[in-house]
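Worksheet for the structure shown next.
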Amino acid sequence: MAFNVVWLIGLCSLLLSYGVHVEASHKVCLDLQSYEHTTATHQPFRTGYHFQPAKNWINDPNGPMIYKGIYHLLYQYNPKGSVWGNIVWAHTTSTDLVNWVHHEPAIYPSIESDINGCWSGSTTILPGAKPAILYTGIDPQNRQVQNIAFPKNLSDPFLREWTKLPQNPLMTPIDGINASSFRDPTTAWKAPDGKWRVIIGSKTGRRGKAILYKSKDFIKWDRVNRPLHSSKKTGMWECPDFFPVSVKSEVGLDTSVITPDVKHVLKVSLDDTKHEYYTIGTYKLKKDKYVPNKGSIDDDSGLRYDYGKFYASKTFFDNSKNRRILWGWVNESDSEHDAVKRGWAGVQAIPRNIWLDKSGKQLVQWPVEEIEKLHEKPVDLQSTELKKGSVIEVSGVTASQADVEVSFALSTLEKAENMDPSWKNPQLLCSQKGASVKGSIGPFGLLVLASEGLEEQTSIFFRVFKDQEKYVVLMCSDQSRSSLRKDHLLDKTTYGAFLDVDPQHEELSLRSLIDHSIVESFGGKGKVCITSRVYPEKAQYDKAHLYVFNNGTENIRVSKLSAWSMKKAQIIY
Ligand code: DQQ
């Protein structure tokens, strides 16, 4: 059987390169799309509390919402195999965003305007608490068009069945819109003129675009000539998200709130690089235009929700707790061959609360509080000196499935290395100055999913540099030693970002959610997030260890560390 898999993988290619007409953003392995290998029994990389279905491929979170007290997560799913293809909207619900119950797919190809696929989209809650899903369908000519679906029975809190309107498709790629770059409708918002607005991701040449439509009744949509926003040289904008954030508090807002006390966020997912970036700015109602704040970087080097693996994300407003919640898809870092052998690919990140930082300059994210109900066996370390070169084990936690929070106090910054003005790219800097490259103040941080002899380790760490009178904090996640596996198909890219925290006045904090093959890290209380996928050979189950380390010449102190083993989430298939 393994022989067959290897052979089939040989046929995996980018669909475009075969000149087929569907332009998909995903790697397309035609021969593997409907190929189910016997699912392996040894599954060291399946997650304990990150959402995954029983088997097969998943990608983008779609149409998340809360309805009658029940959270709904819908997502792109291949019911027939563990690579991208045969896409439907799988459906799962929860009362706490932690434990999930599966339902039958909510949306699947059944009408002419989605017969070749049901791609991403969003939910809007219409007056009378009525959810409406707008999604991209692939029609018989492989054009991307926008469709609508409503729940069949509004008294069913699980919204198990959905009806597509006979008016579908509601929006088609006419008047110069590229039919293979027209997808992923956002949650719509209602402006004070009473009309709904929605944006659809697109591009013209290399200019990424958010095409804007307006509607009175949510059924008949008129295109606005000018896009809500566009930016040159970014390529296709997938899965845009547009929402208000309060400038006064951390509470989340309904997508239609437009007052002087809000700023707007536009996030786009870049098909070319598989990075997302966002800007914060102003929604100019009169002109129906979004204008990023002065000085915003409006391209791939802009602000990111997550500087690791995290894509096609989407937020929704949770009116039960007045918060905005972010979901994101975390793809694998190994090959299709591995996915086929395992029988699955992809996980969803832990949902994160998201709000505007006090500075107004960036967003902040934090795992939803509900996840803490999985905490068990707490372990605490108080004020521990981390001498230069030290590695101290945090014992007593199940290190393969854990939540750990640590704060570091730096007594002196005098010896910080100088920042070279040419160091503009934090990811590159992290890969040059990995965890094993000695510094002065740092690298220090956590070694997670580490083997006993440290041959395997994923290190999440900080380094502090001096830049004139300021200090610059670099946060990295170094996967280069995460697995003893040597095959070239394993992506061990080191990730990194600059963290806007002044270490003269604030301790440096780090939280990592560790779950067998995924590590989600939150630096500076959620100002920088980095997610990575790793596949340790040795550091599996009870052979995984957790350490704090300091590889700098200056001693530092762990002022507080709390770690918990995480119980398994209940996912009922
Ligand atoms: N995934 C969907 C598209 C979207 C892409 C197809 C982003 O709608 O643009 O599965 O990952």
Side-chain angles (χ1 to χ4, degrees), residues 14-16 20-30 32-33 53 56-64 73-90 105-109 113-123 133-139 142-147 149 169 171 173 177-187 198-203 208-211 234-241 267-277 305-306 309-314 326-332 336 339 345-349 531:
L14 282 173
L15 193 56
L16 258 185
V20 183
H21 291 298
V22 193
E23 191 172 319
S25 68
H26 301 273
K27 192 163 182 188
V28 177
C29 306
L30 285 177
L32 296 180
Q33 285 187 346
N56 295 336
W57 164 273
I58 69 170
N59 57 291
D60 321 352
N62 289 153
L73 171 66
L74 301 111
Y75 56 94
Q76 298 275 282
Y77 177 65
N78 179 356
K80 296 183 180 162
S82 42
V83 301
W84 184 86
N86 307 307
I87 292 295
V88 303
W89 281 41
I107 297 182
Y108 45 85
S113 58
D114 68 14
I115 205 64
N116 283 329
C118 296
W119 290 13
S120 288
S122 308
T123 302
I133 284 177
L134 288 172
Y135 69 99
T136 299
I138 309 299
D139 80 359
N142 284 329
R143 294 183 318 159
Q144 297 170 6
V145 300
Q146 317 312 324
N147 296 316
M171 300 165 223
I177 298 177
N178 179 344
S180 49
S181 306
F182 180 54
R183 56 183 181 269
D184 310 337
T186 58
T187 295
V198 73
I199 52 174
I200 318 286
S202 186
K203 68 172 176 187
K209 278 187 175 170
I211 300 182
T234 54
M236 173 66 189
W237 285 3
E238 299 190 306
C239 301
D241 199 13
K267 182 278 307 184
V268 296
S269 308
L270 299 182
D271 190 10
D272 291 3
T273 58
K274 293 288 175 278
H275 292 160
E276 304 194 303
Y277 80 88
Y305 287 162
D306 195 300
K309 199 151 262 191
F310 187 91
Y311 194 68
S313 68
K314 189 172 296 296
L326 169 71
W327 278 103
W329 162 50
V330 186
N331 197 359
E332 301 302 319
E336 289 75 28
V347 304
Q348 300 293 345
T531 298

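These numbers come from the heavy atoms of this one structure, side chains and all, not from hydrogens, waters or symmetry mates. Note that ligands are numbered from 1 as they come in the structure, with each ligand's atoms numbered from 1 the same way.
The main-chain N or O of Asn78 is never found under 3.5 Å from a side-chain atom of Asn86 such that the two would form a donor-acceptor pair. Counting only distance, with no hydrogens or angles, the side chain of Gln144 and the backbone of Phe182 share a donor-acceptor pair below 3.5 Å.
Atoms of ligand 1 found under 4.0 Å from any heavy atom of His26 (numbered from 1 in listed order, with element): 1 (N), 2 (C), 5 (C), 6 (C), 7 (C), 10 (O), 11 (O).
Here the protein heavy atom with the shortest distance to atom 10 (O) of ligand 1 is Gln76 OE1, 2.6 Å. Closest to atom 9 (O) of ligand 1 among all protein heavy atoms lies Asp184 OD2, 2.6 Å.
In this structure, of Ile87, Asp60, Asp271, Asn78, the residue bringing a heavy atom nearest to atom 5 (C) of ligand 1 is Asp60.
Close N/O approach between Arg183 and ligand 1 is found [any backbone or side-chain N/O within under 3.5 Å].
Side chains of Ser120 and Asn62 form a contact here, defined as non-hydrogen atoms less than 4.5 Å apart.
For Lys80, the NZ atom counts as loosely surrounded, since its 6.0 Å shell holds 12 or fewer non-hydrogen atoms of other residues, nucleotides or ligands.
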- Apply salt bridge (Lys or Arg N to Asp or Glu O under 4.0 Å) to the pair Lys203 and Asp272, showing each step before the final yes or no. CA-CA 12 Å; Lys203 68 172 176 187; Asp272 291 3; 5.6 Å; no
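At a heavy-atom distance under 4.0 Å, no atom of Thr136 approaches ligand 1.
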